[in-house]
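Here's the structure, in structure tokens; my notes come after.
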2 protein chains.
Amino acid sequence: MYSRGVSTSERLIESTRELLWERGYVGTSPKAILERAGAGQGSMYHHFKGKPDLALAAIRRTAEMMRATAEAVLGGPGTPYERIAAYLLRERDVLRGCPVGRLTMDPDVITSEELRAPVDETLDWLRERLASIVREGQERGEFGPGLDAGETAATIVATVQGGYVLARASGQPAAFDAGVRGLLALLAPPATPTA
Amino acid sequence: MYSRGVSTSERLIESTRELLWERGYVGTSPKAILERAGAGQGSMYHHFKGKPDLALAAIRRTAEMMRATAEAVLGGPGTPYERIAAYLLRERDVLRGCPVGRLTMDPDVITSEELRAPVDETLDWLRERLASIVREGQERGEFGPGLDAGETAATIVATVQGGYVLARASGQPAAFDAGVRGLLALLAPPATPTA
DNA sequence: GTCTATAAACAGATAGAC
DNA sequence: GTCTATCTGTTTATAGAC
């Protein structure tokens, strides 16, 4: 239940965002959304065409917020390595998983071109953004010139997404951290590791 | 529908394995399982206590098969780096995702101590197995002695699990390959990359 | 062992009152 | 705009015939 100062349509979107994060698309029923939003059937079907339409609005917003969160760190101060490290080490509610990445395991999301699009675009944007930072690091001599920036960026995004899997499997956020530290060690400028 | 030479209980388990892989636990109904297995309600509730019990049998078998598949490559011939590369590059039906890892995004699996256990044990076994190979590689001088074997292994498993996420998001198996190649480049013995 | 019948709750959506 | 019926099909399970 959200505060009364917020519109019903807004409460529906936010409730859907939460439930998609917690239970995914197939695990989320309109009834559950309505209960959480404190709204009736009529409101939902007045503002949205149905469950897929509401989910699309929720997914788009979540995607936008994820990009903003990432950009806040990746566009911040520091060397390329430091910014990537800051991104990897930033505080996360690890056991909740990634609100965007988790949707890729949802059969009805992957099947729908419309619902999958914002997921794809977001992860693609993140990979590209990281690739540009890796290239920047290569120009500064921070990363080996032999690395393929795009592939390295894919590894970084994959490590994060897979880190959530390991953490949720074990119920331990530390499993995420282990994967991240392993990656940072592999990425570390060759000059640094030695005493 | 499976061949008549196989027991009903067997067909139920195999149908459940397929559906859990395709649609996850919350997305799989007993009805869908029964249809695929060509069995009636009575058969399922005769052989299993209910959906969770049948799912447990299916998950345990899938977990065991995944370990066997991994061990076939990891315990094969070659240097540690070569065996890890063989594991990462082995043929996979990438867009289907990992039948074990995907379950971590299932709210009802993660909530159930019983259903989560085989998932956790399998990924933990894989991480440990890879860690021992990394240590072996360090002894041979193939990997830097500064690496933490456990963390490096976590990165390897995470890259694979996250690779599935990237591939499914984009609908392109190539996204998985990019992450893997990026990781292999980072892992590559320092002597190799130069001409 | 396997089948069909039955059932209470839920999923997803529509209709129409207010 | 929001609400409460109403509705069809599904989910998950039990009962009992064969």
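Scope of the values below: all heavy atoms of this structure, side chains included, with no hydrogens, waters or symmetry mates.
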Can you tell me how far [atom2] of [N] sits from [atom1] of [X], to the nearest Å?
X	N	atom1	atom2	answer
A/Met44	D/dT4	CE	P	16 Å
A/Leu12	D/dC3	CG	C1'	14 Å
B/Tyr25	D/dT11	OH	C1'	12 Å
A/Ile33	C/dC10	CD1	C1'	14 Å
A/Glu35	D/dT4	CD	C1'	15 Å
B/Leu34	D/dT11	CG	C1'	12 Å

Exercise. Indicate whether OP1 or OP2 belonging to C/dA11 is found under 4.0 Å from a side-chain N or O atom of A/Ser29.
Key: yes
Quiz item: Does A/Thr8 make a side-chain N or O approach to OP1 or OP2 of D/dT2 shorter than 4.0 Å?
Solution: yes
Quiz item: For residues 49-59 of chain B, which residues have at least one heavy atom under 4.0 Å from DNA chain D?
Solution: B/Gly50, B/Lys51
Quiz prompt | Heavy-atom donor-acceptor pair, B/Thr104 side chain to A/Arg168 backbone, under 3.5 Å | solution = no
Quiz item: Taking B/Arg83 for the side chain and B/Gly78 for the main chain, is one N or O donor matched with an acceptor at less than 3.5 Å?
Solution: yes
Of the candidate nucleotides [options], which contains the atom at the shortest distance from the side chain of [X]?
X	options	result
B/Ser43	D/dT14, C/dC3, C/dC10	C/dC3
B/Gln41	D/dT10, D/dT14, C/dT2	D/dT14
B/Tyr45	C/dC3, D/dC3, D/dT14	D/dT14
B/His46	D/dT11, C/dA13, C/dT2	C/dT2

Quiz prompt | Option among A/Leu166, A/Val165, A/Thr159, A/Val160 that satisfies the side-chain contact (heavy atoms from CB on, under 4.5 Å) test with A/Phe176 | solution = A/Val160
Quick one: are [X] and [Y] in side-chain contact, heavy atoms under 4.5 Å?
X	Y	result
B/Pro52	B/Lys49	no
A/Tyr25	A/Lys51	yes
A/Met66	A/Leu126	yes

Quiz item: Can you tell me if CZ on A/Arg60 sees more than 12 non-hydrogen neighbours from other groups inside 6.0 Å?
Solution: no
